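To start, the structure itself, in structure tokens.
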Amino acid sequence: MELTQETPDLSAYLAADEVIDHHHPRVRETAARLAGQAVDSYAYARSAYEFVRDAIPHSADSGDLRVTWRASDVLAEGTGICHAKAHALAALLRAEDIPTALCYQKLDLVHGLVAVRFHGAWHRQDPRGNKPGVDARFSLDGERLAFTPDPESNELDYPVLYAEPHPAVLGALRAAHDRPHLWKTLPTAL
């Protein structure tokens with residue numbers, strides 16, 4: 001699948017906003033701690049990915065009913081669904097000047113992941129969190145995502161790389177008062 005930037009302006013994939021708030025002190029502190037242990041930007045990206053994947057539980061796996069959506073809140077609360085975790089990873093990567101896009105898959109519900117730009121190409125990464133049957137890994141040498149869409153079930157990968165969260169996803173996250181409510185309102189397609 002060929003990934004397509006929503007905007008040709010690469011600086012859009014480094015920008016901070018209300019959701020990917022990489023200027024927030026909590027994001028900066030976390031990024032600085034992770035960067036202090038990394039020898040280069042690739043090692044930092046892997047470390048940030050593994051931190052979000054492993055240290056922030058997916059709220060459905062942990063049974064946490066809270067809904068987070070802003071990157072700094074995901075880091076502060078230590079919980080989030082795939083979209084929230086993607087926002088947190090995007091903020092950590094952008095904090096260290098690594099272009100990062102948000103991207104999506106259509107599964108039962110729309111699933112969120114990120115793409116990082118290294119060596120002149122985009123590479124999708126899924127920080128959802130591993131569990132039995134899910135073994136996502138950071139990779140620039142072929143995708144190691146949590147899920148592979150099944151075309152026979154009308155699942156698919158969306159090729160668009162977004163600089164900001166998709167409005168339908170963000171609207172559902174913001175409006176949800178808890179995770180059970182969120183499952184009823186997350187879009188099933190974009």
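Counting from 1, the numbers follow the sequence of the chain as shown. Being a predicted model, the structure only gives us computed values, none of them experimental.
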* Decide whether S72 and D21 meet the rule of one side-chain donor and one side-chain acceptor closer than 3.5 Å. => yes
* CG on N130 to CG on D54, rounded to 0.5 Å -> 6.5 Å
* Asked: Quick one: do Y158 and V114 end up in the same hydrophobic cluster if we chain Ile, Leu, Val, Met, Phe, Trp and Tyr together by side-chain heavy atoms under 4.5 Å apart?
  -> yes
* To do: Apply ring pair (Phe, Tyr, Trp, His ring centres under 6.0 Å) to F138 and Y42, showing your working.
  => CA-CA 10 Å; F138 183 86; Y42 175 79; 5.6 Å; yes
* To do: Run the numbers on I81 and V67 for side chain to side chain contact (heavy atoms under 4.5 Å, CB included), then give the verdict.
  => CA-CA 8 Å; I81 67 164; V67 175; over 6 Å; no
* Asked: Are the side chain of R70 and the backbone of E18 linked by a donor-acceptor contact shorter than 3.5 Å?
  -> yes
* What do the steps show when you test R124 against E143 for salt bridge (charged side-chain N to carboxylate O under 4.0 Å, His left out), and what is the final call? -> CA-CA 7 Å; R124 293 190 310 164; E143 294 185 335; 2.6 Å; yes
* Carboxylate-amine/guanidinium contact R128 D61, below 4.0 Å -> yes
* Asked: Is the backbone of H123 close enough, under 3.5 Å, to the side chain of R117 for a donor and an acceptor to pair up by distance?
  -> no
* Structure fact -> Nearest heavy-atom approach of S41 to I98 is O-CD1, 3.7 Å
* Does any N or O in the side chain of H87 come within less than 3.5 Å of the main-chain N or O of W69, such that one atom is a donor and the other an acceptor? -> yes
* Structure fact -> Rounded to the nearest 0.5 Å, the CG atom of L140 sits from the CZ atom of F118 at a distance of 6.5 Å
* Structure fact -> Output for pair (D40 CG, R46 CZ), nearest 0.5 Å, gives 10.5 Å
* Asked: L92 and A48: which non-hydrogen atoms are nearest, and at how many Å?
  -> CB-CB, 4.3 Å
* Asked: Within a strict 4.5 Å, meaning less than it, do heavy atoms of the F51 and L34 side chains meet?
  -> yes
* Asked: What do the steps show when you test S11 against D9 for side-chain hydrogen bond (donor to acceptor under 3.5 Å, both in side chains), and what is the final call?
  -> CA-CA 5 Å; S11 69; D9 181 5; 2.7 Å; yes
* Side chain to side chain, I20 and E164, heavy atoms closer than 4.5 Å -> no
* **H181 to A176 - nearest heavy-atom pair and separation** => ND1-CA, 3.2 Å
* Structure fact -> Between the CG atom in L161 and the CD atom in E6, the distance rounded to the nearest 0.5 Å is 9.0 Å
* Check the angle between the aromatic planes of H166 and Y162 and answer parallel, tilted or perpendicular using the 30° and 60° thresholds. => perpendicular
* Structure fact -> In this structure, CD of Q105 is separated from CG of D108 (nearest 0.5 Å) by 12.0 Å
* Asked: Transitively linked via ILVMFWY side-chain contacts under 4.5 Å: L170 with V160?
  -> yes
* Asked: Should T100 and L14 count as side-chain neighbours, where that means a heavy-atom distance under 4.5 Å?
  -> no
* Asked: If you look at every heavy atom in L102 and P165, which pair is closest and at what distance?
  -> CD1-N, 3.3 Å
* Do you know which two heavy atoms are closest between A12 and A163, and how far apart they sit? -> O-CB, 3.5 Å
* Is there a side-chain contact between L10 and Q5 (heavy atoms, below 4.5 Å)? -> yes
* Take Y104 and H111 through the ring pair (Phe, Tyr, Trp, His ring centres under 6.0 Å) test and state the conclusion after the steps. => CA-CA 5 Å; Y104 302 94; H111 176 62; 9.1 Å; no
* To do: Flag yes if V74 and L113 sit in one hydrophobic cluster, no otherwise; membership is Ile, Leu, Val, Met, Phe, Trp, Tyr, and two members link when side-chain heavy atoms are under 4.5 Å apart.
  => no
* Asked: Are Y44 and L89 in one and the same hydrophobic cluster, where Ile, Leu, Val, Met, Phe, Trp and Tyr link if side-chain heavy atoms are under 4.5 Å apart?
  -> yes
* With distance as the sole test, does R28 use its side chain to make a donor-acceptor pair with the main-chain N or O of A95 at under 3.5 Å? -> yes
* Nearest heavy atoms of C82 and G112, plus distance in Å -> SG-N, 3.3 Å
* Asked: Do the rings of W183 and H58 sit parallel, tilted or perpendicular, given the 30° and 60° boundaries?
  -> parallel
* **Nearest-0.5 Å distance, OG1 of residue T148 to CG of residue D157** => 8.0 Å
* Do side-chain atoms of R137 reach the backbone of L145 as a donor and acceptor pair under 3.5 angstrom? -> no
* Side-chain heavy-atom pair L190, V169 within 4.5 angstrom cut-off -> yes
* Asked: Is S47 reaching over with its side chain to a backbone N or O of A43, donor-acceptor style, under 3.5 angstrom?
  -> no
* Asked: Are the side chain of E155 and the backbone N or O of P149 linked by a donor-acceptor pair below 3.5 Å?
  -> no
* **Heavy-atom donor-acceptor pair, T68 side chain to T79 backbone, under 3.5 Å** => yes
* Between Y13 and R94, is there a donor-acceptor pair closer than 3.5 Å when you use the side chain of the first and the backbone of the second? -> no
* To do: Decide yes or no for L186 and V110: does some side-chain heavy atom of the first lie under 4.5 Å from some side-chain heavy atom of the second?
  => no
* D64 and R66 ion-paired at < 4.0 Å -> yes
* To do: May I ask you to test the L156-P151 pair for a side-chain heavy-atom distance under 4.5 Å?
  => no
* Exam field: side chain K85 to backbone I56, donor-acceptor pair closer than 3.5 Å -> yes
